[in-house]
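Positions are given from 1, in the same order as the sequence printed here.
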Amino acid sequence: MADDRTPQAPRPSLSRQLLPAVHGLLARPLSSYYLLLSSSGLLLLIGLTMVFSATSVEAYVREGSAFGAIGSQAIFALLGLVAFWVCQRLPAGTLRDLGKYILAVAIALLALLDLINALKSVHILGPKQGLGPVRADLLWLYFGPIGLQPAEFAKLGMVLWGADVVARKGPALGHWRELSRPLFPVIGLLFVLVGYNDLGTMLVLLALIVGLLWAAGVRLRIFAALGVLGLAGISLLIAAASGGAGSGEKGAENYRLARLTNFLQPLDQCDLDGPCYQLIQARSAIFEGGWFGVGLGKGALKWNWLPEAENDFIFAVVAEELGVVGCAIVLALFAVLAYTGFRIARRSVDPFRRLAATAITTWLVAQAVINIGGVTGMLPITGLPLPFISAGGSALVVTMAAVGIVASFARAEPDASRALNARPPARWVRLLWAPLPPVPPQRRPGPAKPTADTGAGRRR
């Protein structure tokens with residue numbers, strides 16, 4: 001007897017089921033905004049957890065309480081959330097005006113920091129002395145009990161001021177004359193003030209500026225010239241470490257050159273008690289972690305075996321305690337953050353928003369790549385913190401402020417702005433969280449395009 005049942009269609013594979021769902025979620029008007037909030041919020045939560053894990057034992061031995069370091073980091077996280085909230089509420093015009101003031105203050109603080117460090121190097125000031133209540137400790141500037149890193153504010157100031165200058169110049173930016181007034185002189189001054197003490201932050205500034213100019217459509221030959229000038233400047237700053245730049249001492253080994261040469265040679269040929277010690281301990285932490293880690297809080301190398309475990313090398317603590325899986329989660333969150341930042345930049349109609357979002361995303365991604373590359377031995381060690389994860393007040397507050405700026409740009413995307421204005425949230429939500437973004441102008445219908453049969457409009 002014949003089977004009259006009709007054959008069933010094969011079920012679509014899991015990938016074919018998931019892709020339409022993902023595309024549907026990404027097509028929603030506020031998807032960029034929520035992706036940015038979720039990725040940065042999870043990174044911040046992971047950072048607070050890992051800082052507590054990396055500092056609790058030493059804090060208990062030193063202070064009698066395991067919550068000493070994490071308490072201060074939590075305060076900075078709250079300040080960062082306030083900075084995020086404030087920057088999310090600011091319109092683009094206010095951000096453009098604030099950029100030059102933030103950059104001017106950062107340059108003045110950097111000049112003061114370099115002056116005090118220079119006076120210390122020539123023994124006019126003692127190691128713990130300063131100019132009145134103002135003291136300097138390598139990258140930190142202290143006003144009484146309050147300490148900050150001016151280089152972190154220089155990044156934010158360069159983003160806002162540079163995006164404003166580039167947006168104003170428009171198509172004329174392709175000429176050297178326009179780049180030299182006033183962009184390049186300020187960039188050169190900033191590179192000298194920052195790079196004298198902090199070569200790693202100078203590399204992040206360089207990546208930030210490259211991202212800014214790339215988004216502006218600058219010609220490739222200008223990038224080639226910038227590359228030559230950048231390599232020359234980096235070489236000079238590496239050589240300056242022999243004269244006391246950064247944490248170097250006059251007559252001592254050039255620590256910047258040592259980091260570069262140690263990166264280029266195999267670990268079995270390095271001095272295990274010298275500059276390779278930190279990298280060897282980081283590799284040991286990664287090896288001990290394996291696929292799933294030894295367990296949160298159970299790592300042993302952070303107990304004074306791994307220098308700067310809570311700061312520059314916190315990714316090694318993540319690898320030891322959370323394993324490859326934990327590292328993959330952190331990398332995936334940074335990838336989502338990068339995708340979201342560039343997506344917001346691509347969807348922004350205002351040139352300033354597009355340039356600033358590109359520069360901020362390039363800054364955060366470049367700093368994460370340089371830090372993780374140094375910890376894993378794929379790049380030279382530069383002493384940069386890992387955004388959101390490493391301990392440090394100035395870096396965390398400025399990073400959260402930058403994310404708040406990108407969040408305001410995400411709400412100003414044309415589709416997001418129309419959706420928010422079509423169905424505005426309650427008044428108390430707008431007062432406590434963020435105001436409504438401006439409605440984008442409607443596109444005017446253009447002239448009718450010629451059909452293919454007429455042959456008009458063909459390129460010649």
Side-chain angles (χ1 to χ4, degrees), residues 34-56 69-70 73-74 76-77 80-81 84 200 203-204 207 278-279 281-302 306-343 360-379 381-392 395-400 402-403 406-407:
Y34 291 126
L35 278 175
L36 183 69
L37 290 186
S38 58
S39 58
S40 57
L42 288 173
L43 285 170
L44 178 62
L45 182 62
I46 292 173
L48 291 174
T49 304
M50 297 314 301
V51 168
F52 176 67
S53 176
T55 59
S56 57
I70 188 58
Q73 186 70 5
F76 287 124
L81 291 175
F84 172 91
L203 293 175
V204 174
Q278 200 170 19
L279 180 58
Q281 295 299 328
R283 288 280 187 89
S284 299
I286 296 171
F287 175 78
E288 293 293 333
W291 282 98
F292 301 102
V294 298
L296 184 62
K298 297 181 179 180
L301 290 174
K302 63 190 179 184
L306 179 63
E308 300 295 333
E310 76 282 3
N311 198 341
D312 305 343
F313 275 72
I314 198 167
F315 191 74
V317 180
V318 175
E320 183 184 12
E321 298 188 353
L322 303 181
V324 174
V325 174
C327 294
I329 292 174
V330 172
L331 293 175
L333 289 174
F334 275 113
V336 172
L337 183 67
Y339 165 78
T340 307
F342 290 127
R343 170 190 165 105
I360 290 173
T361 307
T362 307
W363 150 23
L364 297 178
V365 173
Q367 185 164 332
V369 168
I370 293 173
N371 175 275
I372 295 173
V375 172
T376 56
M378 301 176 67
L379 293 173
I381 297 173
T382 56
L384 280 175
L386 185 59
F388 300 101
I389 309 293
S390 296
L396 183 58
V397 172
V398 173
T399 299
M400 294 299 295
V403 173
V406 181

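- Taking CG of Leu396 as the start and CZ of Phe388 as the end, the distance is 8.0 Å to the nearest 0.5 Å.
- Between Ile370 and Leu384 the shortest heavy-atom distance is CG2-CD1, 3.6 Å.
- At least one side-chain heavy atom of Val403 sits under 4.5 Å from a side-chain heavy atom of Leu364.
- Take Val406 and apply the side chain to side chain contact (heavy atoms under 4.5 Å, CB included) test, not counting sequence neighbours, and it matches Leu36, Ile344, Ile360.
- Judged by distance alone, with hydrogens and angles left aside, the side-chain atoms of Thr55 form a donor-acceptor pair with the main-chain N or O of Val51 at under 3.5 Å.
- In this view, Glu310 satisfies the salt bridge (Lys or Arg N to Asp or Glu O under 4.0 Å) rule with no residue, not counting sequence neighbours.
- Side-chain atoms of Ser390 come within 3.5 Å of backbone N or O of Asn311 as a donor-acceptor pair.
- Residue pairs meeting the side chain to side chain donor-acceptor pair (under 3.5 Å) criterion with at least one member in residues 328-338, sequence neighbours excluded, do not occur.
- No side-chain heavy atom of Phe287 sits under 4.5 Å from any side-chain heavy atom of Arg283.
- Here the CG atom belonging to Leu43 is positioned 5.0 Å from the CD1 atom belonging to Ile389, to the nearest 0.5 angstrom.
- With sequence neighbours excluded, the residues satisfying side chain to side chain contact (heavy atoms under 4.5 Å, CB included) with Ile372 are Phe315, Leu331, Thr376, Leu386.
- With sequence neighbours excluded, the residues that form a side chain to side chain contact (heavy atoms under 4.5 Å, CB included) with Val325 are Phe292, Ile329.
- Under the side chain to side chain contact (heavy atoms under 4.5 Å, CB included) criterion, Ala366 pairs with Ala207, sequence neighbours left out.
- Side chains of Met50 and Leu322 form a contact here, defined as non-hydrogen atoms less than 4.5 Å apart.
- The salt bridge (Lys or Arg N to Asp or Glu O under 4.0 Å) analysis of residues 318-338, with sequence neighbours excluded, yields the pairs Lys302-Glu321.
- Phe52 is linked by a ring-ring contact (aromatic ring centres under 6.0 Å, His included) to Phe67, counting only residues two or more places apart in sequence or in another chain.
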Test side chain to side chain contact (heavy atoms under 4.5 Å, CB included) applied to Leu203 and Gln367, step by step: CA-CA 9 Å; Leu203 293 175; Gln367 185 164 332; over 6 Å; no
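- In this structure, the side chains of Phe84 and Ser40 stay at 4.5 Å or more apart for every pair of heavy atoms.
- Taking CG of Leu45 as the reference point, atom CG of Leu333 lies at 10.5 Å (rounded to 0.5 Å).
- Shortest non-hydrogen contact noted between Ala338 and Val365 is CB-CG2, 3.4 Å.
- For the atom pair OG (Ser284) and CG (Leu301), the distance works out to 6.0 Å, reported to the nearest 0.5 Å.
- A pairwise comparison of heavy atoms in Leu35 and Val336 identifies CD2-CG1, 4.1 Å as the closest pair.
- For Ala309 against Ala54, the heavy-atom pair with the smallest separation is O-CB, 4.2 Å.
- Sorted by first and then second residue, the salt bridge (Lys or Arg N to Asp or Glu O under 4.0 Å) pairs with a member in residues 38-53 form an empty list; sequence neighbours excluded.
- Summarising the geometry of Gly341 relative to Thr361, their closest heavy-atom pair is CA-OG1, 3.2 Å, with the distance given to 0.1 Å.
- Remark: Tyr339 engages Arg343 in a side chain to side chain donor-acceptor pair (under 3.5 Å) (not counting sequence neighbours).
- When all heavy atoms of Val375 and Asp312 are compared, the closest pair comes out as CG2-O, 3.7 Å.
- Annotation: salt bridge (Lys or Arg N to Asp or Glu O under 4.0 Å) contacts involving residues 41-54, sequence neighbours excluded, are absent.
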